[in-house]
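Single-structure report; data block below.
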Amino acid sequence: MQSIPMNLNHRLRLSILTLMVMGIFGAESLQATPRFALETGSTCITCHANPTGGGMRNDYGQGFAIDEIPMDLASDWAAPWPGGFVTDWLRVGAEFRVQALNYQAADGSRKSPLFAMQSDIYGQILMNDQVDVVFKTGLDPAYATPEFWLRLLQSESDNYIRAGRFQPNYGLRLDDHTAYIRGGDLRLSQSGFGSAGLSFSPMTPKPTAVEVGFFPGSHFQFTASLANRFIKGASPAYGFNESLGEKNFAIQGGYWTEWGPIGVAVFGNFMQEDEITLAGSHWGLTWLNFTWLGEVDWAMDYITAGQNSQAVFQELTYTLLQGLAVSGRYEHFDPDLSSASGSLSRVDVGLNLFPTSFGEIQFHLRWPMVEQNGEISTAPMQGILQFHTWF
């Protein structure tokens with residue numbers, strides 16, 4: 001590893017940047033592939049069966065994948081069934097990701113694992129215009145984390161209430177679970193760090209929850225949920241051993257708008273589970289071919305009692321041409337803000353290619369960095385190649 005002396009206190013620079021960002025933009029919920037929601041000025045429910053984003057696409061989401069995303073807009077290839085409908089009341093879908101990773105192991109050798117990152121099957125049963133049941137399960141039994149819920153929609157509105165097993169709504173719902181604001185690296189560690197990240201990994205069992213969502217006006221969104229605990233591990237016995245104060249409570253509120261060619265979205269997040277508190281903000285800004293997404297979170301008593309942590313995400317994407325974008329990302333995770341040293345950062349540059357409808361290829365290079373005792377040490381570069389398809 002290469003050591004670089006620090007010329008300026010790393011946390012001071014990070015805090016100044018964070019305060020500048022929050023001062024300009026306030027606090028947002030963009031999910032799944034968040035930049036598409038920001039660039040189109042839409043909410044997640046516009047494209048997804050999940051009202052807080054991610055997973056199964058609806059009619060509009062499938063049409064967007066055909067007409068707006070790929071390089072080859074002349075392609076009229078569609079899903080196996082129009083809109084995913086098998087009958088007029090049953091919609092199905094699926095999502096698959098295969099990833100190759102190249103990294104340097106502890107013994108100095110380069111390793112190249114190849115693994116299936118995602119293999120999910122989706123379903124939606126439409127009871128009527130205002131009631132539906134949505135379910136998802138993984139094909140790999142070792143990592144299957146089923147989700148399902150019953151949702152009641154208000155007539156002629158996106159307002160809803162749902163109950164079932166799903167992840168409470170918090171932060172950017174990125175399609176990269178290795179981000180420190182989601183689950184972090186699940187198998188790789190740097191210089192003694194464990195899994196640096198929050199509890200929003202796709203491998204985390206989904207708790208039983210009740211959630212309400214409101215869309216007052218055309219530019220506001222608010223969600224609130226009560227769930228069995230999941231930050232501290234799956235709740236045994238369906239939460240029979242939990243008091244109300246030990247359960248998970250999450251709220252999120254935000255605003256998005258457009259000022260001519262500029263689109264802005266700002267949200268705030270809060271989550272409480274027993275003694276653990278998560279609080280933060282995420283935001284987005286789009287202008288011409290540029291899209292900026294960011295999030296900062298503070299986790300109180302998350303790793304251990306009396307210890308406060310911080311996770312930061314910043315990503316700038318530039319669309320080179322239809323279906324091809326380049327991105328630069330900076331991430332930071334500090335497990336103990338009271339300590340003068342000991343934090344993990346990462347720089348990422350990547351290409352995101354949609355050669356055809358329902359097909360995506362990502363290529364990323366990453367440089368992890370560890371701060372210890374006033375110095376930043378850079379770890380060997382990591383390479384990621386991912387193939388993604390869905391319908």
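Note that the numbering runs from 1 along the sequence shown for the chain. Side chains are part of it too, since the values below use all heavy atoms of this structure and drop only hydrogens, waters and symmetry mates.
Judged as a side chain to side chain donor-acceptor pair (under 3.5 Å), and not counting sequence neighbours, Ser327 has no contacts. When the side chain to side chain donor-acceptor pair (under 3.5 Å) test is applied to Trp287, no partner is found at least two apart in sequence or on another chain. For Thr178, the side chain to side chain donor-acceptor pair (under 3.5 Å) criterion is met by Asp176, Arg366, not counting sequence neighbours. For Glu331, the side chain to side chain donor-acceptor pair (under 3.5 Å) partners at least two apart in sequence or on another chain are Arg346.
Remark: side-chain polar atoms of Glu273 are not paired, donor with acceptor, to backbone N or O of Thr277 under 3.5 angstrom. Side chain of Thr145 to backbone of Pro202: a donor-acceptor contact under 3.5 angstrom is found. Thr87 contributes a side-chain N or O that, together with a main-chain N or O of Leu90, makes up a donor-acceptor pair within less than 3.5 Å. Between the side chain of Asn308 and the backbone N or O of Leu337 there is no donor-acceptor pair closer than 3.5 Å. Side chain of Arg91 to main chain of Tyr122: no donor-acceptor pair is present (N/O by atom type, distance under 3.5 Å, no hydrogens or angles). Panel note: side chain Thr319, backbone Leu321; no donor-acceptor pair is recorded below 3.5 Å. Panel note: side chain Ser309, backbone Pro335; a donor-acceptor pair is recorded below 3.5 Å. Between the side chain of Gln310 and the backbone N or O of Val296, no donor-acceptor pair lies under 3.5 Å. Side-chain atoms of Asn50 never come within 3.5 Å of backbone atoms of Gly55 as a donor-acceptor pair (strictly under, hydrogens ignored).
Note that CZ of Phe214 is 12.0 Å distant from CD of Gln221, once rounded to the nearest 0.5 Å. A distance of 11.0 Å separates CD in Gln130 from CG in Asp132, rounded to the nearest 0.5 Å. Note that the OH atom of Tyr238 and the CZ atom of Arg165 stand 6.5 Å from one another [nearest 0.5 Å]. The structure places OG1 of Thr378 at 11.0 Å from CH2 of Trp367, a figure rounded to the nearest 0.5 Å. Here the CD1-CD distance, from Ile276 to Glu246, works out to 11.5 Å after rounding to the nearest 0.5 Å. A distance of 11.0 Å separates CE in Met71 from OG1 in Thr356, rounded to the nearest 0.5 Å.
At a threshold of 4.5 Å between non-hydrogen side-chain atoms, the residues Arg329 and Gln314 do not count as touching. Side-chain contact between Tyr330 and Glu315: absent, with no pair of heavy atoms (C-beta onward) separated by less than 4.5 Å. Residues Thr223 and Tyr160 are in side-chain contact: their nearest non-hydrogen atoms beyond the backbone lie under 4.5 Å apart. In this structure, Ile361 and Leu385 have side chains that are in contact, with non-hydrogen atoms separated by less than 4.5 Å. No side-chain heavy atom of Phe96 sits under 4.5 Å from any side-chain heavy atom of Val98. In this structure, Leu278 and Ile231 have side chains that are in contact, with non-hydrogen atoms separated by less than 4.5 Å. When side chains are defined from C-beta on, Leu226 does not count as touching Asn248, because their heavy atoms never get closer than 4.5 Å. A heavy-atom distance below 4.5 Å is not found between the side chains of Ile384 and Phe363.
Heavy-atom minimum distance, Tyr302 versus Gly197: OH-O, 2.9 Å. Here the closest heavy-atom approach between residue Arg173 and residue Pro168 is recorded as NH2-O, 4.2 Å.
In terms of hydrophobic clustering, with Ile, Leu, Val, Met, Phe, Trp and Tyr side chains grouped at heavy-atom distances under 4.5 Å, Phe148 and Ile125 are assigned to a common cluster. Both Ile262 and Trp283 are assigned to one and the same hydrophobic cluster, defined by single-linkage of ILVMFWY side chains at heavy-atom distances under 4.5 Å. Residues Leu324 and Leu288 share a single hydrophobic cluster, defined by chaining ILVMFWY side chains whose heavy atoms lie under 4.5 Å apart. With hydrophobic clusters built from ILVMFWY side chains whose heavy atoms lie under 4.5 angstrom apart, Leu139 does not share a cluster with Phe135. Phe240 and Leu244 are not part of a single hydrophobic cluster, where members link through side-chain heavy atoms under 4.5 Å apart.
By the 6.0 Å contact criterion, CG on Asn128 is enclosed, its count of non-hydrogen atoms from other residues, nucleotides or ligands being greater than 12.
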Do Leu126 and Phe85 pass the side-chain contact (heavy atoms from CB on, under 4.5 Å) test, and can you show the C-alpha distance, the side-chain angles, and the key distance before you say yes or no? CA-CA 10 Å; Leu126 302 171; Phe85 278 102; 3.4 Å; yes

Query raised in the report: Which is it for Phe230 and Thr204 under the side-chain contact (heavy atoms from CB on, under 4.5 Å) test, yes or no, and what are the steps along the way?
Result: CA-CA 8 Å; Phe230 80 102; Thr204 302; 3.7 Å; yes

Review point. Would Asn102 and Ser112 count as a side-chain hydrogen bond (donor to acceptor under 3.5 Å, both in side chains) if you check the C-alpha gap in whole Å, the side-chain angles of each, and the deciding distance to 0.1 Å?
Key: CA-CA 4 Å; Asn102 183 269; Ser112 299; 2.8 Å; yes

| Would Tyr180 and Arg182 count as a side-chain contact (heavy atoms from CB on, under 4.5 Å) if you check the C-alpha gap in whole Å, the side-chain angles of each, and the deciding distance to 0.1 Å? | CA-CA 5 Å; Tyr180 300 152; Arg182 302 314 293 170; over 6 Å; no

| Do Gln386 and Arg97 pass the side-chain hydrogen bond (donor to acceptor under 3.5 Å, both in side chains) test, and can you show the C-alpha distance, the side-chain angles, and the key distance before you say yes or no? | CA-CA 7 Å; Gln386 183 182 120; Arg97 297 178 194 266; 3.0 Å; yes

* To do: Kindly determine whether Lys111 and Ser109 satisfy side-chain hydrogen bond (donor to acceptor under 3.5 Å, both in side chains), including the steps that lead there.
  => CA-CA 6 Å; Lys111 305 296 184 182; Ser109 62; 3.3 Å; yes

Worksheet item: Would Leu320 and Tyr318 count as a side-chain contact (heavy atoms from CB on, under 4.5 Å) if you check the C-alpha gap in whole Å, the side-chain angles of each, and the deciding distance to 0.1 Å?
Response: CA-CA 6 Å; Leu320 296 170; Tyr318 179 75; 3.6 Å; yes

Run the side-chain hydrogen bond (donor to acceptor under 3.5 Å, both in side chains) check on His388 and Glu95 step by step: do they pass? CA-CA 8 Å; His388 176 210; Glu95 191 154 8; 2.8 Å; yes

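With salt bridges taken as basic N to acidic carboxylate O contacts below 4.0 Å, one links Lys232 and Glu275.
Two rings, from Phe391 and Phe358, have their centers 6.0 Å or more apart. Ring-centre distance between Tyr170 and Phe200: below the 6.0 Å cut-off.
The list of salt bridge (charged side-chain N to carboxylate O under 4.0 Å, His left out) pairs with a residue in residues 112-124, not counting sequence neighbours, reads Asp120-Lys136. For residues 292-309, there are no salt bridge (charged side-chain N to carboxylate O under 4.0 Å, His left out) pairs, not counting sequence neighbours.
Between the side chains of Ser201 and His177, no donor-acceptor pair is found at a separation under 3.5 Å. Remark: the Asn228 side chain and the Lys247 side chain contain an N/O donor-acceptor pair separated by less than 3.5 Å.
A cation-pi arrangement is present between Arg162 and Phe166 under the rule of less than 6.0 angstrom and at most 45 degrees off the ring axis.
Ring orientation note: the planes of Tyr255 and Phe220 are tilted relative to one another, at an angle of 30° to 60°.
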